[in-house]
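Okay, so here's the structure we're looking at.
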Amino acid sequence: MKVQSFELKPFTEESLRILDEEGRQVSHWDHGLTDKQIVELYRLMWVTRLLDERTLILQKQGKIAFYASSAGQEAAQVGSAYAMEPQDWIYPSHREQGVFITRGMPLEEIFGHFMSRSLDPARGRQMPGHLGRYDLHLITLSSPVSTQIPQAVGTAYASKYRKESSVTMTYFGDGGTSEGAFHEGLNFAAVFQCPVVFFCQNNQYAISVPLNFQMATKTIAVKACAYGFDGFRVDGNDVLAVYSVTHYAVQKARSGQGPTLIEAVTYRYAPHSSADDDKRYRRPEEVEDWQKKRDPIKRLRLFLIRESILSEKSDSELLEQLKEQVMQAYEIAERSPHPPLASFLEDVYAEEPWFLKQEKQEFVELYQEEYERGEK
Amino acid sequence: MKVQSFELKPFTEESLRILDEEGRQVSHWDHGLTDKQIVELYRLMWVTRLLDERTLILQKQGKIAFYASSAGQEAAQVGSAYAMEPQDWIYPSHREQGVFITRGMPLEEIFGHFMSRSLDPARGRQMPGHLGRYDLHLITLSSPVSTQIPQAVGTAYASKYRKESSVTMTYFGDGGTSEGAFHEGLNFAAVFQCPVVFFCQNNQYAISVPLNFQMATKTIAVKACAYGFDGFRVDGNDVLAVYSVTHYAVQKARSGQGPTLIEAVTYRYAPHSSADDDKRYRRPEEVEDWQKKRDPIKRLRLFLIRESILSEKSDSELLEQLKEQVMQAYEIAERSPHPPLASFLEDVYAEEPWFLKQEKQEFVELYQEEYERGEK
Amino acid sequence: MPSLPMVRAIRDAIRTLMLLDERVVIFGEDVGKRGGVFLATEGLQQEFGIERCFDTPLAENGIIGFAIGMAINGLRPIAEIQFTDFIYPGFDQIVSELAKFRYRSGGQIAVPVVIRTPWGGGVKGGLYHSQANESYFIHTAGLKVVVPSTPYDAKGLLIASVQDPDPVIFFEPKKLYFAPREEVPEGVYTVPLGVARLVREGKDVSIITYGSLVYVASEVADKLYPEGISIEILDLRTLLPFDGEAILASARKTGRVIALVEAPKFCSFASEISAFLAENVIEYLQAPIKRVTGYFTPYPYWTDAYYIPTLKRVEKAVREILAY
Amino acid sequence: MPSLPMVRAIRDAIRTLMLLDERVVIFGEDVGKRGGVFLATEGLQQEFGIERCFDTPLAENGIIGFAIGMAINGLRPIAEIQFTDFIYPGFDQIVSELAKFRYRSGGQIAVPVVIRTPWGGGVKGGLYHSQANESYFIHTAGLKVVVPSTPYDAKGLLIASVQDPDPVIFFEPKKLYFAPREEVPEGVYTVPLGVARLVREGKDVSIITYGSLVYVASEVADKLYPEGISIEILDLRTLLPFDGEAILASARKTGRVIALVEAPKFCSFASEISAFLAENVIEYLQAPIKRVTGYFTPYPYWTDAYYIPTLKRVEKAVREILAY
Ligand SMILES: Cc1ncc(C[n+]2csc(CCOP(=O)(O)OP(=O)(O)O)c2C)c(N)n1
Ligand SMILES: Cc1ncc(C[n+]2csc(CCOP(=O)(O)OP(=O)(O)O)c2C)c(N)n1
Ligand SMILES: [Mg+2]
Ligand SMILES: [Mg+2]
């Protein structure tokens, strides 16, 4: 796909799409993906879905204490993350399993994180879902919504400052657009013309709050107007469209043409998190409707089969293989130890100051037994 | 002026105007003002200017420690404030002398405030310029930029909640639009359809920072796009245009049709405040240009004389009279005492808690002498 | 009298206030249809209408600023912040505005806003669903700060807070939301702000605390009682203005004090209690004033159970100051 | 060696750092062309270019978040907040992000950001240009907090802060910006973080303080010296991590301590000093630990001169604890 030849209209109310719900190609943009790459997108979406399904089971079994599901949003996550190069920086939000998987974070680390094992790069410090791998340019997220947005802009500025070509992408939800940090971040990006892409997964709800109680605009993309750059609305369940629009925005940023806002219209199937009860605010039929009629994986599958890129048989083989892979990763994580107990007293500073040394010493003395258990 | 018959176009790059720089009427909107009212606008602008001139002198004499001048912005301030009813609520920003004067705050109180006299309704607590009179629905401002914006929306919500017809107006500068609070406030107003008007005086600078380092949009008005309501750009040095647009927005809010953003394009003549040195960031010629060619008072004066609404003679009589009035107000303030010294230990809570009683007692014991002096 | 857990007592307080006074409104993220993530406002939107109980956009500066503006225009807003860990985007509105309006206006403008927010650890919430950040607010002149530890107190203190003319930050120890239960009278009653509750009389050691640690202190007292160690426990309930007299009286009596809080130590309210005693009754003190606090780290997820003071740590502190 | 006031020493530190290290950039409101409202960055945009010294939009959350993102991507950003009173819109970025990145990433991600900001009272700045709000940051694990009191220290501490691997909140006592002057070496040198400065040895009373109150303490010491009252003064310089050993040593020596700060009392750093002593060296104390602090009000405008501790108040405190 060449940036120049690609004609996208910003600020439309309709979502850009390549595939319709039945996986039929309805527009002819040159996304530039090979069949192999499209199958790879399909695989990544399935891995994300299967990880999600396994995690929800583990959560119900009490093996994972908390989980925010990404089911339904795979196309938005995988399609966008796939449009980046390894050197590009990613600031994810709180349900971006598909982004971590696409960028190459090993599944056993993800499970290790969910279960606070030593495999967790963050040493069990955070609630499940708060992943990060600095060496993969995946910035460890926090819970507060939208704080990552101005940070992503600063990271993009630093790349530009050093005249590197890397681009920064930051993820957030529809809810995240209401925070002041969203506004400040987008405005900074515009003023400093930073190579950054703002990727909003509009899944219709901020926990229980539907869009019309969050904002009075018809789209989220239109908000880019307030900063002087383009906003695009894309069907977030069409992985080819998501990839194409994101790739365009990434290349635009890379070539020095500044920031873009992307709104990917999608839906989450599960409650907000394992602590939520979505029946209190949405009808099960609404959820079913999205699951049955607009599922992103099903849609790509229909396309792949119709276009004979994938056979029914190799599809089911693939699925079996992926299930096995996910299960194995889980088992590796399960068998691995927790971090040392007293390690929660580390990493506050680069070097432990006197008071943390004291606190750690007191802790170790008092909890020596547990500590030793933890060491094993 | 009837709201319905008034046709305004939102989101234009050009500023709406009625009078050009020479005071010639260039558009024929029915602003509905009588000649007497137009003269009243003229008078209020002059009072604001004269108060400002006097205060700058006092500041240089060391009688006032700090001052943020409103010179150059009188049309924006007076024209907008004049479009409100007494029951309407006003959340001013930090250089709104014209707003306070238009709403009817006595000049001696304003001077009393500048000099921390007992005439100051805020008892000398704040730096000059941080005025307020709750009974006049003028909400005492603070220094932090844009905090008043979501507050104004809450006040508007309360009016709507009680089914009262009052409208709330909040003032801020171009700089204030960069804060997250601006975004959050405007979005709340849109979601709850509050009767509120957002009045931005775009005077081209946030202290030293020019517009193009603050934002990448061509106008400020366009930012209303991001919230789903209209934004108007008006020549802020044309008091008739400012009045008209504001009156439209106020009536629109009053009739339940929600919020509006107004950008009044204007200029401040003086440095940001008495602590600033504007030669570090703008050319004196730029300032002169605005002063000579686009002064809001001169413009209305030319109009009044040309239209024979005011004679040269009554104009100079008016001016003399206003000078006298300003001087008298200053003298009243000058002669009035400071608040009691220890009163700075009051009004933290409705009732003094034990620790403030203790602190006050200790203070009084230690500073009895001064205290008694202060009491006089 | 119904037996309720704290979160239901809080809901009952809000409902009672709304029945009583049209000026009372409640709002925040997920407060409306969902009834709040902990169900503290369950059913209130249905009962009182969407104008009085509603969802807001996800924006804490907006929520608190909005509440301030309402209070200035005659309402009695209760703003819910979903977790106190998410109060910081609204910190400016609290510190610069809410706390200072009365003062800066020379007493003209009162801002009777109540900010309710789930607070404290012990629920495996990690860094951002566990904080005990009361110190930031206690350091802020113009605010009142409340932390109940029982359902009865929660209702009575919340009613008192909403009826108070000053802004109140009302911290709800979420660890206590669903247990224990307690009989809570129906209708209106208040527990006055600024008055501590003597949980247990004792003569050897005073433990001064609040929130869920009241129960840890009680466990320690129970455990050590058979050894003849008599522990006095003071539940402060209001942290600003705190009940200075009650603190001093207890310290004078026992001469040995532990200030017990969930927060990290430096500049915590444990430091305040200690400094207050060292300034006023040092002559009565027979041992160092011990602070037992959270560690000076962010709040960890996996080791949640070890972060806030445990029975073991408090017991050790008691023994140390007794052995002093 | 040039004799400089503090604000020029700070400018010199920034310039020295920028000459030394391409990764150092500085930005904030009015920092570029204007050179900062106090001229701490005067001429730096001309010298180093607009990419390294620049104005930002008026948005503190944005400024601090932006700085964090830069540090994560290898720069050494210095963010100026125009007055510490305006830091609150960015408080979330500081407390939730800056302070917690290293911890929450398991040590993967360092965020060496320095936030410089004019701090403290005594310049008739009223509620919002006078605050001494260090306590909010000292209570926040993961941050370092610095307050210099001399031009020499300001430069050395600022260089140490920018070279430190952890985030530092660097408070600049604006009352001291233009006087006194002091000889400040050219080029690079550091004053280590975490080490107090013994301003004056004494044996009767210790005054533990920082910022502009170091000078008030010195005046009191001078005034009482002829009466044979010997006052020791400790300038903490770094408040987090503070120099615990130095504080304890002084208290052990004199047995009489005054903790002197500009901030309102409750949960202030004066409370921390006092509690730290009451916990560790109570057996050495011969008198109550006095806190002399700002009043528990917002900072008033007209009575500016009375708000932060005066010579008179400190003198009174010294006499009281000596008479104890
Ligand atoms: C500052 C802040 N306020 C509140 C919360 C609690 N919270 C967590 S996720 C969430 C909703 C987020 O909605 P959205 O941005 O649409 O993302 P989604 O969960 O739908 O993916 C809320 C309110 C938070 N994490 N941070
Ligand atoms: C939150 C905050 N940050 C910084 C400041 C310092 N400050 C005072 S006024 C000002 C510029 C405001 O510019 P603008 O909004 O355009 O209003 P103007 O002064 O031009 O009328 C700044 C940066 C402040 N008052 N509040
Ligand atoms: Mg959402
Ligand atoms: Mg301006």
Side-chain angles (χ1 to χ4, degrees), chain A residues 89 91 120-126 130 132-135 137 139-144 146-162 164 166 168 170 179-181 183-188 190-192 194 196 339 343-344 346-351 353-356 358, chain D residues 22-23 25 27 51-52 54-75 77 79 89-90 92-93 95-113 141-144 164-167 193-194 240-245 276:
Chain A
W89 295 87
Y91 280 79
D120 176 9
R123 313 180 78 191
R125 297 262 169 71
Q126 288 213 86
H130 295 64
R133 265 280 298 269
Y134 187 60
D135 55 347
H137 287 194
I139 302 305
T140 310
L141 60 119
S142 64
S143 310
S146 296
T147 47
Q148 73 278 17
I149 299 177
Q151 295 168 10
V153 180
T155 289
Y157 184 94
S159 297
K160 184 180 169 182
Y161 175 81
R162 283 196 305 263
E164 292 168 3
S166 19
T168 303
T170 175
E179 286 284 358
H183 175 68
E184 300 188 17
L186 269 70
N187 192 43
F188 270 61
V191 167
F192 299 114
C194 293
V196 58
S343 68
F344 83 89
E346 297 163 6
D347 300 325
V348 183
Y349 298 93
E351 263 181 67
W354 58 268
F355 50 83
L356 274 166
Q358 274 178 15
Chain D
E22 282 258 327
R23 297 172 307 167
V25 294
F27 49 88
E51 286 80 24
R52 294 190 69 189
F54 54 94
D55 292 332
T56 64
L58 208 179
E60 290 76 9
N61 185 306
I63 292 171
I64 298 169
F66 191 64
I68 291 172
M70 285 174 159
I72 286 177
N73 192 0
L75 299 188
D92 191 32
Q93 288 289 353
V95 168
S96 305
E97 301 293 318
L98 191 57
K100 296 184 175 51
F101 242 115
R102 184 187 294 278
Y103 190 77
R104 78 170 186 238
S105 67
Q108 295 181 84
I109 304 182
V111 197
V113 167
L143 300 179
K144 296 186 174 176
D164 198 271
D166 292 311
L193 304 189
L240 185 63
F242 60 86
D243 189 342
E245 256 323 305
F276 181 67

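What you see is a predicted model, and the numbers here were worked out from it, not measured in a lab. Chain A is the first sequence line, chain B the second, and so forth, proteins listed ahead of strands; every chain is numbered from 1.
Taking a cutoff of 4.0 Å between a charged side-chain nitrogen and a carboxylate oxygen, A:Arg162 and D:Glu51 do not qualify as a salt bridge.
In this structure, the separation between CZ on D:Arg104 and OG on A:Ser143 is 8.5 Å, given to the nearest 0.5 Å. Distance CD/D:Glu97 to CG/A:Leu141: 9.5 Å, rounded to 0.5 Å. Distance CG/A:Asn187 to OG1/D:Thr56: 10.0 Å, rounded to 0.5 Å.
For the pair A:Ser142 and A:Gln126, the tightest heavy-atom approach, listed with the atom from each and the gap, is CA-OE1, 4.2 Å.
Of the atoms belonging to D:Asp166, it is side-chain heavy atoms, and not backbone ones, that fall under 4.5 Å from chain A. In this structure, no portion of D:Phe27 lies under 4.5 Å from any heavy atom of chain A. If you measure heavy-atom distances from A:Ser159 to chain D, the contacts under 4.5 Å come from both the backbone and the side chain. At a 4.5 Å heavy-atom cutoff, D:Ala110 makes no contact with chain A through either its backbone or its side chain. Using a 4.5 Å cut-off between heavy atoms, A:Ile139 touches chain D through backbone and side chain atoms alike. Looking at A:Pro353, only its side chain comes within 4.5 Å of chain D, counting heavy atoms on both sides. Heavy-atom distances place the side chain of A:Phe192, and not its backbone, under 4.5 Å from chain D. In this structure, the portions of D:Phe242 lying under 4.5 Å from any heavy atom of chain A include both its backbone and its side chain. At a 4.5 Å heavy-atom cutoff, the contact between D:Gln93 and chain A is made by side-chain atoms alone. With a threshold of 4.5 angstrom between heavy atoms, A:Val153 approaches chain D through its backbone and through its side chain.
In this structure the side chain of A:Glu179 never reaches within 4.5 angstrom of the side chain of A:Ile149, judged on heavy atoms.
For the options A:Arg123, A:Arg125, A:Lys160, A:His130, heavy-atom pairs under 4.5 Å to chain D are most numerous at A:Arg125. Interface summary for chain A: among D:Leu240, D:Ile72, D:Leu143, D:Leu75, the most heavy-atom pairs under 4.5 angstrom belong to D:Ile72. In terms of heavy-atom pairs under 4.5 Å with chain A, the best-connected choice from D:Arg23, D:Arg52, D:Glu60 is D:Arg52. Taking chain A as the reference chain and counting heavy-atom pairs below 4.5 Å, the highest number among D:Ile68, D:Ile109, D:Ile64 is found for D:Ile109.
Here the options are A:Thr170, A:Thr155, A:Thr168, the test is side chain to side chain donor-acceptor pair (under 3.5 Å), and the partner is A:Tyr91; only A:Thr155 passes.
Aromatic ring pairs are classed by plane angle as parallel below 30°, tilted from 30° to 60° and perpendicular above 60°; the pair A:Tyr134 and A:His137 is tilted. A:Phe355 and A:Tyr349 have perpendicular rings, their planes meeting at more than 60° on a 0 to 90° scale where under 30° would count as parallel.
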